[in-house]
Amino acid sequence: MLVKTIFAGFGGQGVLIMGYTLAHGAMSAGYHVTFLPAYGAEVRGGTANCTVAISDDEIASPIASAPDYIVVLNTPSLYTFQNRIAPGGSLFLNSSIIAVEPSRRDIRIFKIPSAEMAEKMGNPRMTNTVMMGAFLKNTGLVTPDIYLASMEEVMGSKKKSIIEINRKAFTAGFEYSEEST
Amino acid sequence: MKKVFGRPKSMKANIFHYCAGCGHSIAHRLIAEVIDELDIRGITIGVPPAGCAVLAYNYFDVDMIEAQHGRGPAMATGIKRVLPDRIVFSYQGDGDLAAIGIAESFHAANRGENITVIFINNAVYGMTGGQMAPTSILGQKTTTSPTGRQSVLEGHPIRVSEIFSLLPGTTYIERCTVNSPASILRTKKAIRKAFQCQIDGLGFSLIEILSPCPTNWKMTPVDSCRWIDEAMSKEFPLGILKDVPAEQKKGERRHAG
Amino acid sequence: MVIGEAAIRAGCRFYAGYPITPQNEIPEYMAEHLRQVEGGVFIQSESEVAAIHMVAGASAAGARSMTSSSSPGISLKQEGISSLAACQLPAVIVNMMRGGPGLGNISPSQGDYFQATRGGGHGDYRVIVLGPATAQEMADLTMDAFTLADQYRTPVMILADGMMGQMMEPVVFKEPQPRVYPEIYIMKGAGAGKSKFIRGLILDPLDMEEHNWTLDRKYQVIARKETRHELYGTDDAELILVAYGTGARIAKGAIKRLRNTGLKVGLFRPITLWPFPTNELRDLAKKVENFLVFELSTGQMLEDVRLALQGFARIGFHGRPGGVVPTPAELANVVTRQYDRKQGIIEHH
């Protein structure tokens, strides 16, 4: 098994931490992993993306020519990456702010209103965590338990309340899941 | 019979290659005498510069490691941080300290590295053949300022000691010269104070020595010594610019009184 | 981070450096962790130039010492690297290459190969250059770098790039070797004994020549004994890619794709870039006729491959300079465009 995923969005939307947490979780589940971030020279704003490869064998290239999954949190990232998805792969998009329709017809598309859901839960910064719930529900790359444990470890010293609210956001995303084709 | 003058233990029995009337050999000897008197030969590490004093390791009988041009204080920093109980000094000329190595020198001083810098200011590049130095005085003729240094073209001479004394990391800074028996004794005292500061762990010390270069000044040794009094020390006034140990003592006295 | 941790475990006790992207993780890691180690010194220097000379001083004073930077900063360090080589002082220098020349950009590149493998600074010398391709290898080679630096009393460079620097992979740290470094080379004051000096300035040309030959003899021993490389799928290969570091990762991905289509492609990956594994590469030319060099540059390692293979094999080339990191799919396409079973590889001129 070799699965590659690209997470992409605005800098500050938390796309790198999504990938990092997933990679960390998959590693603790015993997989070979690579995590490859790419971001602009700016510290905030701009675009950011990362590639996570998960495999039960040694990973040759950490770069994804044709990723199995793509998660996009903003419209520019949709344009940049939708043509890269392998046929039969899946696209997860943040439908709260991405109004355009993807052009691909040979992939599965999951539209998740993750920003709205996060906002409704009181914190728009949890858009990424909501999305991650939906992503793992449909891909099963790692179990929710493994991901949440990894999240706690990555967040480390953060306040208990922040971890708790992220758990809730993840669960909301995991329970939402509406595929649109 | 009592021996009243001899070669310091910290000097090798080699004959100086310096020109007649050059101040380097005097400065070398004074440093060696101070090292002897403080009994620190075995724990001293010297860093000679690029320039006329590049061969200083032929004369000092202490451990020495050469630095590239201007990098002495960086090298001395590396040595001192690894061996904080050793005495580390860097020996630098005016081009080395005030031009190509100004960053290394300034920042070592600003970090308050516990090292001693002996700064030989002879207002000219000696080894390369008499080019203008950052400390050449206005109007001074050199091979690269043939009509005399002009501030509009070449800027002003840099007063290193004054500038460095403003940095909180520095502890003892004095400008001296070696153009007379009295000034030589005064310089030795200054060097001793600087090394003592380092032994006491107080931080960066610097002794600037106005030093004659008859060959490149195109003067006799005697005229060179006179030129230091009449011209050079007008631009670079002699004296103590910073003396943290003395200030501390004064403060203690005031406090006690 | 991996490099910093590996260095500390290998006994590195002195680090000086100046911030530059993409390698700031290393000084940040050292600032936090090296200072927690007994005798560990971290200095954020005023410049790259100062950093390398601080390293030289610390090395002379007996500490395992390291600096790190990225391309433009490495250019500045060359004065000190030349000096380290001249004075025969061990040190480890990490270069996380970015796009160049000039300020270039901050994306992964392999444009500093010439600079690294040809000495880099002025004068007649070489630097041992190690090119890791995985996080595990970054850890292993960093530890080995300190050993090699001590063993040959010479600067050793880890030549990686921004992608290697930022990529995350699980790593297992190996047991560090105890340091073997004769006391006589350490400068710590003469004590009651004879004083010594360390220098690179040797004014007499005949003496300087002898010093040059002494260094050269050392480099020849290194060239004979220290080459490292990896072979991947070369046993049955009809075409062999030659790539290092990040380039080799992409090449492995391309090879998997090409093998799925039935094309038997292998990889020759130099791990030591200097000394370059010339003989090991030439051995492959006994059974394989076609080679394709792939680099994130306009073709620098290509010259070493030519020195090894010219006259023995056909040599093609694909390069992506400037910080562009192509996908394995692109490289696979290039291979099928440049290689034909009947005509062989299209040679690069």
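Per chain, numbering begins at 1; letters A, B, ... match sequence-line order. Every heavy atom of this structure was used, including side-chain atoms; hydrogens, water molecules and symmetry mates were not.
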Would you say [Y] and [X] are linked by a side-chain donor-acceptor pair, where the criterion is simply a distance under 3.5 Å?
| X | Y | result |
| --- | --- | --- |
| Ser10(B) | Asp36(B) | yes |
| Thr116(B) | Ser205(B) | yes |
| Tyr15(C) | His33(C) | no |
| Thr67(C) | Lys77(C) | yes |
| Thr147(C) | Asp150(C) | no |

For [X], which atoms come within 4.5 Å of any heavy atom of chain B: side chain, backbone, both, or neither?
| X | value |
| --- | --- |
| Leu203(C) | side chain |
| Ser47(C) | side chain |
| Ala63(C) | both |

| Pick from Thr77(B), Asp61(B), Ile43(B) with the largest number of heavy-atom pairs that fall under 4.5 Å of chain C |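 Sorted descending by pairs with chain C, the first entry is Asp61(B).
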| Who wins among Gln68(B), His69(B), Arg111(B) for the most heavy-atom pairs under 4.5 Å with chain C? |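 So the answer, after comparing Gln68(B), His69(B), Arg111(B), is Gln68(B).
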| Under a 4.5 Å cut-off applied to non-hydrogen side-chain atoms, are Ser45(C) and His53(C) in contact? |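 Side-chain contact under 4.5 Å: no.
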Go through the atoms of [X] and report whether side chain, backbone, both or neither lie under 4.5 Å from a heavy atom of chain C.
| X | result |
| --- | --- |
| Leu55(B) | side chain |
| Lys80(B) | neither |
| Arg81(B) | both |

